[in-house]
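Here's the structure, in structure tokens; my notes come after.
If you're wondering where the values come from, they're calculated on a predicted model, not measured in any experiment. Numbers here simply count residues along the sequence, with the first being 1.
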Amino acid sequence: MAEDSLATLHRAGALTARYPQVRGLLAALTPDQLLRAGRLLSRIDPEEVVAAHPTVVSPTVAVTGHGTLAALVPALTAEFARHGLLPRIRLSDFDGWVFDLVDPGSALYQSRPDLVLCVLDSAVVTDELPAVWRASDVERVLAEKLALVERAATVFATAADAGTLVLNTLPLPRELTAQLVDLRERAVLGALWREANARLLRLSAERTEVITIDLDPLLAEGTPAREIRQSVYAKAHLSDGLLAAYAREVGHLARQSAGGGKKVLALDLDNTVWGGVLGEVGQEGIETSGSYRGEAFRRFQRVVKQLRSQGVLIAAVSKNDQEPVLSALREHPDLVLRVDDFLQIRANWRPKHDNLVELARDLNVGVDSVVFVDDSSFECGLVRRELPGVAVVAVDEEPARHVERLLADGWFDVRQLTADDLARPARYQQEQARLDFLDGFDSLDGYLRELDIRVELAPATPAEYARVSQLTLRTNQFNLTTRRLEPAQIRTLAEEPTAKVLTISSADRFGSNGLVGAVIVRRTDDTLHIDNFLLSCRVFSRGIEQSVLGAVLRDARAGGVSQVVADYRRTPRNGVVADFYPRWGFEPVSVAEPLSTFRHRLDALPEPPAHIRLSARFELAPKSDSAPEPESESVEGKTL
């Protein structure tokens, strides 16, 4: 068993040396096994792991709150490790949350955390009630605590150089409500409590640096809010099970912040999307409605369609003949999913891991952007072994649990859904039209000339901060430094007088690609620093990157800059751009692993590609809703 392998590594003192393998060992563990694994992993020294494996992402996590939270440490350690992350956890003193968060000089802020978990519980209110109390007393204490939380969020926004503040809603214990014998007053108390939780949840919408985890859905799954003896004797007011479920949600958030978001949902069909084996029972025999199991499969299809409506790319990877699959998806009267819902339908008898590799290549995404769902334990195990970056969701013979399994790890969660997310499936369908168009040309140059690419380079507007942040979080291939930035950090950079956040939007004869990239720069005296350059995998290798870089360099020279300095930080996924800066005239200043620095002296600048029409400006002005259609390149406005 994987748990045994982890314990073997621990006994041999090899967990540090073999840490990159831990992710795979944890993939199929049960929650109880995962928690035991977390206890082993929490004994590792993160500094030693990072020294041995410099590319391992190791976010700093500050944990503060009201009650005893020691049980959260192994749960967080395991959940982060499941996603290939190594947390550096700093656990504050008991009930130190107010001092930690309201004092900008506190040790918490000095540690420069990536995530701050402020874990609150019902006792933060009940501990303040008088011996004899009414609903009005609860209302008063709730108001006081909410004011403190909101003050803490305000201080966090200014005191934290970077990072996210994670709050949570407060479970309402029956022990509290049952003390009120007046049922009407009990109802008032319930309303007051829920209004306070609603206020905590709204903070996520009001402040980009705050995320509130709603504990109610976790409690609704049967997780107890507390274990009474632990609560009374140890002041551990949230149960170990609830803390483990909370840690799972935090792990999803950390994965997003580290660039581990997924884009593609690849589905097996037989006994996954519908019941039965199509090749055996025929189109009329598959289960899709009209029975208990059929309704369960139909429910699963509806959830998949819901995910697609929010920008998830759907594909089918099935061991079947192509024509019967296409026929079923077109003609079966009870299927919710149809041919047009799938970007690709790969029905053949080849190994599924080969199909997934080709699917990722055709969509121009990394194979680690794929979530694969299958009811076959053999296929799931094979994909896990051959493609460890693919997220494997193993469903089984009980279709009622398919939805739960699919949604358990929040693979497609984003901090904020953007217009580009909603348009993603249609844009990938446009990409297929581009590929078909390419087939009609003898050369790539001829294809690019006829594609009629238009590009707009302009400062980011506040409405675009979320999308730019999302690009830093989700772009892995054309991402020169992979510095992950939350929306609040993008806003801070955009407001700095010496910095610019420039967005890249593109369109061509087939339609708009939307906001597809960003360049983040800052000026120090006569030097311009390119902090990062990133471009969506959908559009690179079309000359857009060369065109944009040339515009930035020309504007820098026009503004009196003598040199442009840029960094490249190698990761396992951005090797495709290792030579990007040297290719366009940058000379190495220092070359090391994983960070290299390059310099351009602004003498010979790269020629703009003839097939691209670029509009570039460097002052904030109203942007059009669609990509520009200028007749020739122009660079206007204030220089950097």
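With sequence neighbours excluded, the residues that form a side chain to side chain contact (heavy atoms under 4.5 Å, CB included) with Leu69 are Val63, Leu91, Val119, Leu243. In this view, Gln256 satisfies the side chain to side chain donor-acceptor pair (under 3.5 Å) rule with no residue, not counting sequence neighbours. Remark: Arg226 engages Glu175 in a salt bridge (charged side-chain N to carboxylate O under 4.0 Å, His left out) (not counting sequence neighbours). Every residue meeting the side chain to side chain donor-acceptor pair (under 3.5 Å) condition with Arg248, not counting sequence neighbours, appears here in chain and number order: Asp409. Partners of Arg36 under the salt bridge (charged side-chain N to carboxylate O under 4.0 Å, His left out) rule, at least two apart in sequence or in another chain, are Glu3. Legend: residues meeting side chain to side chain donor-acceptor pair (under 3.5 Å) with Gln301, ordered by chain and number and at least two apart, are absent. With sequence neighbours left out, Asp413 forms a salt bridge (charged side-chain N to carboxylate O under 4.0 Å, His left out) with no residue at all. Residues satisfying the side chain to side chain donor-acceptor pair (under 3.5 Å) criterion with Asp374, sequence neighbours excluded, are Lys352. In this structure, the ring pair (Phe, Tyr, Trp, His ring centres under 6.0 Å) partners of Trp411, at least two apart in sequence or on a different chain, are His83. Applying the ring pair (Phe, Tyr, Trp, His ring centres under 6.0 Å) rule to Phe540 yields the partners Phe478; only residues at least two apart in sequence or on another chain are considered. Residues that satisfy the salt bridge (charged side-chain N to carboxylate O under 4.0 Å, His left out) test with Glu486, not counting sequence neighbours, are Arg415.
Using a cut-off of 4.0 Å between Lys/Arg side-chain N and Asp/Glu carboxylate O, Lys262 and Asp368 are scored as not salt-bridged. Glu206 and Arg199 are joined by a salt bridge, as a carboxylate oxygen and a charged side-chain nitrogen come within less than 4.0 angstrom of each other. A salt bridge is defined here as a Lys NZ or Arg NE, NH1 or NH2 lying under 4.0 Å from an Asp or Glu carboxylate O, and Arg346 with Asp362 meets this definition. In this structure, Glu79 pairs ionically with Arg82, as a charged nitrogen and a carboxylate oxygen lie closer than 4.0 Å. In this structure, Arg338 does not pair ionically with Asp341, as no charged nitrogen and carboxylate oxygen lie closer than 4.0 Å.
Under 3.5 Å, the side chains of Thr169 and Asn197 contain no donor-acceptor pair of N or O atoms. Residues Thr482 and Asn479 bring no donor and acceptor atom of their side chains to less than 3.5 Å of each other. In summary, the side chains of Gln21 and Arg18 do present a donor paired with an acceptor at a separation below 3.5 Å, with no hydrogens or angles considered. Of the N and O atoms on the side chains of Ser318 and Asn320, at least one donor lies less than 3.5 Å from an acceptor on the other residue. Side-chain N/O atoms of Arg88 and Ser58 include a donor and acceptor closer than 3.5 Å. Side-chain atoms of Glu249 and Asn168 include no donor-acceptor pair closer than 3.5 Å.
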*Worked verdict on Leu101 versus Cys118 for side-chain contact (heavy atoms from CB on, under 4.5 Å)*: CA-CA 9 Å; Leu101 292 173; Cys118 179; 3.8 Å; yes
*Steps toward side-chain contact (heavy atoms from CB on, under 4.5 Å) verdict (Thr208, Tyr465)*: CA-CA 10 Å; Thr208 56; Tyr465 294 165; over 6 Å; no
*Start with the C-alpha gap between Arg484 and Ser469, add the side-chain angles, then the distance that decides, and say whether side-chain contact (heavy atoms from CB on, under 4.5 Å) holds.*
CA-CA 8 Å; Arg484 313 299 183 179; Ser469 167; over 6 Å; no
*Could you give me the CA-CA distance, side-chain angles and deciding distance for Phe412 and Leu313, then say whether side-chain contact (heavy atoms from CB on, under 4.5 Å) is met?*
CA-CA 10 Å; Phe412 304 105; Leu313 308 177; over 6 Å; no
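For Phe297 and His402, the distance between ring centers is under 6.0 angstrom.
Taking the side chain as every heavy atom from C-beta outward, Asn271 and Val277 approach each other to under 4.5 Å. In this structure, the side chains of Val393 and Phe372 stay at 4.5 Å or more apart for every pair of heavy atoms. Using a 4.5 Å heavy-atom threshold, the side chains of Val373 and Val392 count as separate.
Annotation for His237 and Gly67: closest pair CD2-CA, 4.1 Å, computed over non-hydrogen atoms. The shortest non-hydrogen separation linking Pro87 to Thr77 is CG-CA, 3.8 Å.
Residue pairs satisfying the salt bridge (Lys or Arg N to Asp or Glu O under 4.0 Å) criterion with at least one member in residues 273-289, sequence neighbours excluded, are listed as follows: Glu287-Arg293.
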